[in-house]
Amino acid sequence: MIQPRAELYAAFVNTHSGEVVRHALSNFHRIHLKITDSQIVLYWICKNGLILKQWVRNRVFEVHKFTTISVWRVCKSAHMIADIGIRR
């Protein structure tokens with residue numbers, strides 16, 4: 001259960017950093033897309049009514065404050081550019 005929580009925290013950080021960029025570049029920022037390689041995290045974000053543990057629920061709530069479900073996508077881990085540094 002540690003890995004999905006780490007992926008959720010990465011989505012949480014992605015959401016907050018994206019919000020900072022959106023405010024800083026508000027004149028140029030039109031659309032955004034959030035990508036994760038964890039299907040569990042995408043499930044947690046998309047299923048708002050789930051009964052989740054408190055830590056997970058709080059992170060999902062924070063993600064929902066700044067994004068909508070429609071901007072979230074999942075990609076294969078092999079294609080995730082953020083993971084290039086940890087691949088063999």
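As a basis for the values below, the full set of heavy atoms in this structure was taken, side chains included, without hydrogen atoms, waters or symmetry mates.
With sequence neighbours excluded, the residues forming a side-chain contact (heavy atoms from CB on, under 4.5 Å) with Glu62 are Phe12, His16, Lys65, Phe66, listed by chain and number. Residues passing the side-chain contact (heavy atoms from CB on, under 4.5 Å) test with Leu52 are Trp44, Leu50, Val56, Arg57, Val60, sequence neighbours excluded. In this view, Ser70 and Thr68 satisfy the side-chain contact (heavy atoms from CB on, under 4.5 Å) rule, not counting sequence neighbours. Thr15 pairs by the side chain to side chain donor-acceptor pair (under 3.5 Å) definition with nothing, not counting sequence neighbours.
Under the 4.5 Å side-chain heavy-atom criterion for grouping Ile, Leu, Val, Met, Phe, Trp and Tyr, Phe61 is not connected to Val71 through any hydrophobic cluster. Tracing side-chain contacts under 4.5 Å through hydrophobic residues (I, L, V, M, F, W, Y), one reaches Trp55 starting from Val63; they form part of the same cluster. Clustering ILVMFWY residues whenever any of their side-chain heavy atoms sit less than 4.5 angstrom apart, transitively, puts Ile35 in a cluster other than the one holding Val21.
For the pair Ile40 and Pro4, the tightest heavy-atom approach, listed with the atom from each and the gap, is CD1-CG, 3.8 Å.
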Apply the test side-chain contact (heavy atoms from CB on, under 4.5 Å) to residues Ile45 and His64: give CA-CA distance (whole Å), side-chain angles for both, the deciding distance (0.1 Å), then the verdict. CA-CA 8 Å; Ile45 291 170; His64 280 249; 4.0 Å; yes
Please list every donor-acceptor pair under 3.5 Å in which a side-chain atom of residues 24-33 meets a protein atom from a residue at least two apart or in another chain.
from: Arg30; atom 1: NH1; to: Asn27; atom 2: O; distance (Å): 3.1
from: Arg30; atom 1: NH2; to: Asn27; atom 2: O; distance (Å): 3.2

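The structure places CZ of Arg73 at 9.0 Å from CG of Leu42, a figure rounded to the nearest 0.5 Å. With rounding to the nearest 0.5 Å, the separation of CD in Glu7 from CG in Asn14 is 11.5 Å. One finds the CG atom of Asn58 at 10.0 Å from the CG atom of Leu8 (value rounded to the nearest 0.5 Å).
Residue pairs meeting the salt bridge (Lys or Arg N to Asp or Glu O under 4.0 Å) criterion with at least one partner in residues 10-20, sequence neighbours excluded, are Glu19-Arg22.
For the residue pair Trp72 and Thr67, a side-chain donor N or O sits within less than 3.5 Å of a side-chain acceptor on the partner.
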